[in-house]
Amino acid sequence: MHLAYPAVLSALLFCTGLYGVLARRNAILVLMSVELMLNAVNLNLVAFDVWLSRAAEETLHSGQALTLFTIAIAAAEIGIGLAIVLAVHRNRGTSDIDRLRDTAEGHEPDGPDTDTPATGTAAEKAEATA
Amino acid sequence: MTLAAASHGFLSPTGVEIAFLLVGLVTFGAAVVTVTTRQLVHAALWLVVALGGLAVEYLLLTAEFIAWVQVLIYVGAVVVLILFGLMLTRAPIGRSPDADSGNRWAALTVAVASAAALVWVVVDAFRTTWIDLDGPAAGSTAVTGASLFQNWVLPFEALSVLLLAALVGAIVLSRKAKAARAGEAPPAKTSPTGASSSGTSPSGASSSGTSQTGGVR
């Protein structure tokens, strides 16, 4: 098999995942795009490991071992990422990453995202003083 | 190797190459639909098609153990987690018109430019390289297991510790807000704004969230 086939497919999948990460607004769709990018890297690792295991005399099968490690780390990443997304959704009521701009510089502080906690603290203080 | 490589023709693909190309087209199409569709559950289901196609590609590259691990972990576990996450964050019935952000044309430009650069470089670099798929399989379970437990034992064990840490971390992240909501009064008044507003009035926080979405639209 020509080595260009898996390499080109891996590059195309990686760029598809890149588009998804940059263009999606929901955080879970961004996580799915990250999974696509990781799978593109896995395909590259497997293809080059199969090529090098025939071309070289001694091989450690490092490509396939790294692929297994990448799959395990991706599983851990999706678990932690979904836990974080669910916690953010529980606290904010949204999982759109365009609205989570509290630490962003250079945007006006009187957006719709910041006045709701302010009124919450105002009501909190009123309740505390009363 | 050189004689075998000399007998290859660039425009006379073998059967494995044709199968790889067809499955690769299906995989790439499913990936494109995954990142462009506006129905969230459909995106997750097309992700299943893309990951399953990649498992078939691993089988065509004679890496069978990786293929079955891919099917078990990605198609079996990760997509189910993603579907749970989608259904817990919103009830996705029908289309959601706000799935794409406003900078999708910039994202498309970046993705097309990087795809063109990567494909050009990769094709130019590996134009005369062939994978020899004959003989015993390079990634059978025996070979992969032997190399994994002879040469990669220490990273393997470290990875098991990392998985345990990720498990505990996910549980901690999921339980913290619940504990703050349950024992509301004393920690909620001293904690900063976001946690306190949701801690004392979860219904108010959720209604303010929906009113935010209505206001922005």
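Note on naming: letters A, B, ... go to the chains in the order of the sequence lines (proteins, then strands), and numbering restarts at 1 for each one. Every value quoted in this text rests on a predicted model; they were computed, and no experiment measured them.
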What residue, out of [options], has the most heavy-atom pairs lying under 4.5 Å from chain B?
options	answer
A/I84, A/I80, A/L18, A/L86	A/I80
A/N26, A/V85, A/D49, A/I28	A/I28
A/A11, A/A65, A/G63	A/A65
A/V46, A/V8, A/N39	A/N39
A/V88, A/V21, A/L36, A/L31	A/L36

Chain A contact via [X] - which portion, at a heavy-atom distance below 4.5 Å:
X	answer
B/L51	side chain
B/A146	neither
B/L21	side chain
B/L108	both
B/I73	side chain
B/T62	side chain
B/L61	both
B/S160	neither
B/V16	both
B/A77	neither
B/L148	side chain

Side chain to side chain, [X] and [Y], heavy atoms closer than 4.5 Å:
X	Y	result
B/L133	A/V50	yes
A/I71	B/Q70	yes
B/I131	A/Y5	no
B/V69	A/T67	no
A/L9	B/F20	yes

[X] portion near chain B, given a 4.5 angstrom heavy-atom threshold:
X	answer
A/L43	both
A/S62	both
A/L29	side chain
A/I97	neither
A/L60	both

>> Has A/H89 got a side-chain atom pairing as donor or acceptor with B/T89's backbone, closer than 3.5 angstrom?
In response: yes

>> Looking at A/P6, is its backbone amide N or carbonyl O close enough to the side chain of B/E57 to form a donor-acceptor pair, meaning the two atoms are under 3.5 Å apart?
In response: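 No.
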
> For B/F156, does the CZ atom have more than 12 heavy-atom neighbours from other residues, nucleotides or ligands under 6.0 Å away?
Replying inline: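 Counting other residues, nucleotides and ligands, CZ of B/F156 stays at 12 neighbours or fewer.
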
>> Tell me which of these, B/L25, B/L162, B/T36, has more heavy-atom pairs under 4.5 Å with chain A than the rest.
In response: B/T36

>> Using the rule given for side-chain contact (heavy atoms from CB on, under 4.5 Å), can you reason through B/I66 versus A/L45, listing the C-alpha separation, both sets of side-chain angles and the distance that settles it, and then say yes or no?
In response: CA-CA 11 Å; B/I66 305 289; A/L45 282 172; over 6 Å; no

>> So if I apply the side-chain contact (heavy atoms from CB on, under 4.5 Å) rule between A/L12 and each of B/T27, B/L118, B/V119, B/V32, which one comes out positive?
In response: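 For A/L12, the side-chain contact (heavy atoms from CB on, under 4.5 Å) check succeeds only for B/V119.
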
> Can A/L68 and B/F65 be said to form a side-chain contact (heavy atoms from CB on, under 4.5 Å), step by step?
Replying inline: CA-CA 9 Å; A/L68 287 175; B/F65 184 68; 3.7 Å; yes

